[in-house]
Amino acid sequence: MKETIYQTVCPGCGIGCGLYIRENGNGSVSIDFLKSSPVNLGKLCRFGMKLPYYYSRPASSKTEGVVSGAEEAVKAAASRLKNAGKIAMLSAGNTTCEEHIAFTRLAETLGTVVHTGIPVYQELPSECHPHLEGMPLAEIENAEKIVLFIDPYVQYPLLVRRLLVARRNGAHIISAGTKELHLAHENRDLSPEQYAELELDSNSVIIADVHPHTESCHTKQLLNLALETGARIHFMKPFINSEGANRLARDKAGMMGISHIMDEIEKGDIKTLFLLDSDPLEMMPDSDRTANALNKLDNLIVISSRDSPITEIANVVIATEPLYRKRGTFINAEGKLRENSGQEVAGIDAMSLLSRELGSEGFEYRQMHGYLHERMIETLANENRKPEYGIMQCAPVQHNGACILKYLFNPFMWANQPDDNDFVLLNMNMVRSLKLRKGGMVRLDSEKGSMKMRYRVERVPDGMILTARKLQVATGTNTTVKVEGC
């Protein structure tokens, strides 16, 4: 059977691990390791190993739920967009830079902007934005002290390799997050007022992340810490091209985070939602509330390379080729340009046709790629920038002492993909107070209802329950819950 091999990158997160996708004649895929990739040297995390499942449901063009040709879907989308009310366009970074630029051209024609969905880019001063960009991962290996505000094992597994090298090189690693990490020399649950105890300097590295539900206050606190101590700061990103999408949108006014977009839809202010490989039902913590909000739209138009919950309810779906077949580039979380070996441009051709249907000029891949180089190449060198912002004030979120169910966002959650981690994490104090039995379950109650979950004991702060899966009782990234043994 004929087989085609594509050199591509994993869409699981912003690290951009290199790999090969093998596609046989019937369209099924398997993976192979790309040991020459400087990012991951052939290694893949659990999500990367499960990419055949991720790619197992390619999108189909549809109009009002009926399978159609791509051209028919484009014309149906144009008809709806010409008569639309307020339009919100979202491209979170799950496709190439060139497709994102093409989507931006459509936004200009429609008199709007493309939102990337990450709120800190709108809530922080613009002079902070360059400091949200990544640094070469290799520099982590030579740091003298590293402070982690993420759980790399769950959220960005290939980062663990860099941290282990740094540890062998003599780095002192501190986990300042919500979970004890085995690779850390110290695990400390610190409030922002205690950050001075970390004793950071210019040879230190702070590692955190920014994603669609990051609290801007937390990001401000970490940027303040970097400014006060001279430490370098590295922000990981959740999607394959989060870095590229946000660099391309850096100077755009009027952008919103995804929660703000959903609030505007709920209020009836946004009547049309136009999506490029971005699924709010996957990205929002509360899928039920999101579905109810989306039902209020007059128009839901989706350009997508894979079938997902949003393509099931969209008025129009314009299908494009799978990501590994696309011709184009990505910018990963360390600011490096990554390139696909694929040569298909169905996504850009569809957007070009849509542009013409809307009365504007068409375009082609070469123009989009040229614009990327004009806009971005000069910024891709990760040179050490001197801070250009001042200390920022913020009011941290206050919790009332109740139990908090907290999401540990990870590739499986962002992609709505089944995972084996079918349990919640809590500490031994909670196990004892609830008189939980070994092998038993814990009951979680919130305003949304009740459910039972298996549990695992970890060293997490008192009153906190961590989950790496989306749970039906969650109302947000942090949910107040009542906990009982069962």
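Throughout, residue positions are numbered sequentially from 1 according to the sequence presented.
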Between S242 (side chain only) and N246 (backbone N and O only), is there a donor and an acceptor less than 3.5 Å apart? no
Rounded to the nearest 0.5 Å, how far does CD of E243 lie from CG of L337? 11.5 Å
Does the pair M89 and L276 meet the rule for a side-chain contact (heavy atoms from CB on, under 4.5 Å), with working shown? CA-CA 8 Å; M89 299 176 65; L276 175 61; over 6 Å; no
Please tell me if the side chains of I150 and L159 come closer than 4.5 Å, counting only heavy atoms from C-beta onward. yes
Verify whether one side chain among S305 and E321 offers a donor that lies under 3.5 Å from an acceptor in the other. no
Any K82 side-chain heavy atom under 4.5 Å of L358 side chain: yes
Using 0.5 Å steps for rounding, measure from the CD1 atom of I31 to the CD1 atom of I21. 7.0 Å
R327 backbone acceptor or donor facing N340 side chain under 3.5 Å: no
Nearest 0.5 Å please: distance from the OG1 atom of T329 over to the CZ atom of R338. 11.5 Å
K470 side-chain N/O to M284 backbone N/O, donor-acceptor pair under 3.5 Å: yes
Would you find a donor on one side and an acceptor on the other, under 3.5 Å apart, between the side chain of D269 and the backbone of E264? no
Qualifying residues under ring-ring contact (aromatic ring centres under 6.0 Å, His included), relative to F412, sequence neighbours excluded: F47
Surrounding NZ of K452 (heavy atoms of other residues, nucleotides or ligands, distance under 6.0 Å), is the total greater than 12? no
dist Q155:CD -> L148:CG (nearest 0.5 Å) comes out at 10.5 Å
Decide whether E23 and Y55 meet the rule of one side-chain donor and one side-chain acceptor closer than 3.5 Å. no
Close side-chain approach of N241 to C97, heavy-atom, < 4.5 Å: yes
Scan side-chain atoms only and decide if T109 and R105 contain a donor-acceptor pair under the 3.5 Å cut-off. no
Can you find a heavy atom in the side chain of E364 that is under 4.5 Å from one in the side chain of V345? no
Any sub-3.5 Å donor-acceptor pair from S341's side-chain atoms to Y6's backbone N or O? no
Crowding at NZ, K86 (>12 non-hydrogen neighbours, <6.0 Å): yes
Quick one: does any side-chain atom of N478 pair with a main-chain N or O of K406 as donor and acceptor, under 3.5 Å? no
Check for a donor-acceptor pair, side chain of N332 on one end and backbone N or O of K336 on the other, with a separation under 3.5 Å. yes
Among E99, E339, E344, exactly one meets salt bridge (Lys or Arg N to Asp or Glu O under 4.0 Å) together with K326. Which residue is that? E99
Please examine the side chains of Y407 and H213, heavy atoms only from C-beta on, and report whether any two atoms are closer than 4.5 Å. no
Pairwise distance NE2(H234) to CG(D209) - rounded to 0.5 angstrom: 10.0 Å
Are any side-chain N or O atoms of T8 and backbone N or O atoms of Y324, one a donor and one an acceptor, separated by less than 3.5 Å? no
Roughly how far, to the nearest 0.5 Å, is the CD1 atom of I261 from the NE2 atom of H115? 4.5 Å
Quick one: does any side-chain atom of T311 pair with a main-chain N or O of S308 as donor and acceptor, under 3.5 Å? yes
Among all residues two or more places apart in sequence or in another chain, which pass the ring-ring contact (aromatic ring centres under 6.0 Å, His included) test with F103? F274
Starting from the C-alpha separation in whole Å, work towards a yes-or-no answer on side-chain contact (heavy atoms from CB on, under 4.5 Å) for L19 and L51. CA-CA 11 Å; L19 71 153; L51 282 183; 3.5 Å; yes
Could you check whether any side-chain N or O of S352 sits under 3.5 Å from a backbone N or O of D349, counting only pairs where one atom can act as donor and the other as acceptor? no
Applying ring-ring contact (aromatic ring centres under 6.0 Å, His included) to H218 and not counting sequence neighbours gives F149
Which pairs pass salt bridge (Lys or Arg N to Asp or Glu O under 4.0 Å) with one or both residues in residues 277-296, sequence neighbours excluded? D263-R289, E266-R289, E282-R306, D286-K448, D288-K448
Tell me which pairs pass salt bridge (Lys or Arg N to Asp or Glu O under 4.0 Å) where either residue lies in residues 56-77, with sequence neighbours left out. R57-D307, R57-E312, E64-R80, E71-K75
Sorted by chain and number, sequence neighbours left out, ring-ring contact (aromatic ring centres under 6.0 Å, His included) with H211 holds for F409, W414
Please lay out, stage by stage, how Y455 and L425 fare under the test side-chain contact (heavy atoms from CB on, under 4.5 Å). CA-CA 6 Å; Y455 69 89; L425 305 178; over 6 Å; no
